Amino acid sequence: GAGVSQSPSNKVTEKGKDVELRCDPISGHTALYWYRQSLGQGLEFLIYFQGNSAPDKSGLPSDRFSAERTGGSVSTLTIQRTQQEDSAVYLCASSHRDGWYEQYFGPGTRLTVT
Amino acid sequence: DQQVKQNSPSLSVQEGRISILNCDYTNSMFDYFLWYKKYPAEGPTFLISISSIKDKNEDGRFTVFLNKSAKHLSLHIVPSQPGDSAVYFCAASGGTSYGKLTFGQGTILTVHP
């Protein structure tokens, strides 16, 4: 079946603009995660949705970052007033509720803020 | 504050030999540990995991060892194959939010034919 898809694959934006990154999880997966990987760094947790529970937003770096998950499926990560330090690869993953350790990752969106 | 550390940025191994990738952690709340593999331009893929109630877990050519007292885990690949060349990330989870993985910086493994 289809894996996790993300769009766009690349995004170049000017400092101060807002961006939206989209994630389509694997059908039937109830959990959805957002991470980012800055150059030379490991993956940094951002936010985690599990079913209808309140999301774990503990990794969002500032209030410029927000995410929503509509209908328990597609998710959008929004970054307002982008800064150069927001440049990174943003990765989305999904999993079964009981298989949280085996997270299936999409290919990522490379965001460049100029 | 790097709670999961992979101190070796890269490792080069001959085909057929053993690859040993190391990982250290500092957070005592972590009780589940994972290894992910990543090829260029792709997302990471799950490789193997271990719970803190075990000290070893084996899956084919891959074995993960956990030393809780030292807060150290390692991934052994035997025998190494050129297709194993990738970036390997160690990750940890625990406490109240198991889905939240804390990753190390990654180790680039190169297996030479």
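Numbers restart at 1 for each chain; the letters A, B, ... are given by sequence-line order, proteins then strands. None of the values given here were measured: they were computed from a predicted structure.
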TODO: Taking heavy atoms only and a threshold strictly under 4.5 Å, list by residue number the residues of residues 99-113 of chain B that touch chain A; give 'none' if the list is empty.
DONE: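 Residues of residues 99-113 of chain B touching chain A at under 4.5 Å: B/Gly99, B/Lys100, B/Leu101, B/Phe103, B/Gly104, B/Gln105.
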Open item on the list: Please output the residues of residues 87-94 of chain B in contact with chain A, using a heavy-atom cutoff of under 4.5 Å, in numerical order.
Closed with: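 Within residues 87-94 of chain B, the residues that come under 4.5 Å of chain A (heavy atoms only) are B/Phe89, B/Ser93.
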For the hydrophobic clusters of this structure (ILVMFWY residues joined by side-chain heavy atoms under 4.5 Å, transitively), does one cluster hold both [X] and [Y]?
| X | Y | result |
| --- | --- | --- |
| A/Leu21 | A/Leu60 | yes |
| B/Leu73 | B/Leu47 | yes |
| A/Leu46 | A/Val113 | yes |
| A/Val89 | B/Tyr36 | yes |
| B/Tyr32 | B/Leu21 | no |

Identify each donor-acceptor pair in which a side-chain atom of residues 50-59 of chain B lies under 3.5 Å from a protein atom, sequence neighbours left out, and give them as a table.
residue : atom : partner : partner atom : Å
B/Ser51 : OG   : B/Ile53 : N            : 3.3
B/Ser52 : OG   : B/Asp31 : O            : 3.3
B/Asn57 : ND2  : B/Ser49 : O            : 2.7

Does atom [atom1] ([X]) have a neighbourhood of more than 12 heavy atoms from anything else shown, all under 6.0 Å?
| X | atom1 | answer |
| --- | --- | --- |
| A/Arg64 | CZ | yes |
| A/Glu85 | CD | yes |
| A/Lys11 | NZ | no |

- [ ] Counting only heavy atoms closer than 4.5 Å, note whether A/Gln6 contacts chain B via side chain, backbone, both or neither.
- [x]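 A/Gln6 has no heavy atom closer than 4.5 Å to chain B.
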Task: Heavy-atom contact with chain B under 4.5 Å, split by part of A/Leu43 - done: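 Both the backbone and the side chain of A/Leu43 come within 4.5 Å of chain B.
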Open item on the list: Could you report the tightest heavy-atom contact between A/Leu91 and B/Gly43, atom names first, then the distance?
Closed with: CD2-CA, 4.3 Å
Open item on the list: Quick check on the structure: residues of residues 103-112 of chain A within a heavy-atom distance below 4.5 Å of chain B, by number.
Closed with: A/Gln103, A/Phe105, A/Gly106, A/Pro107
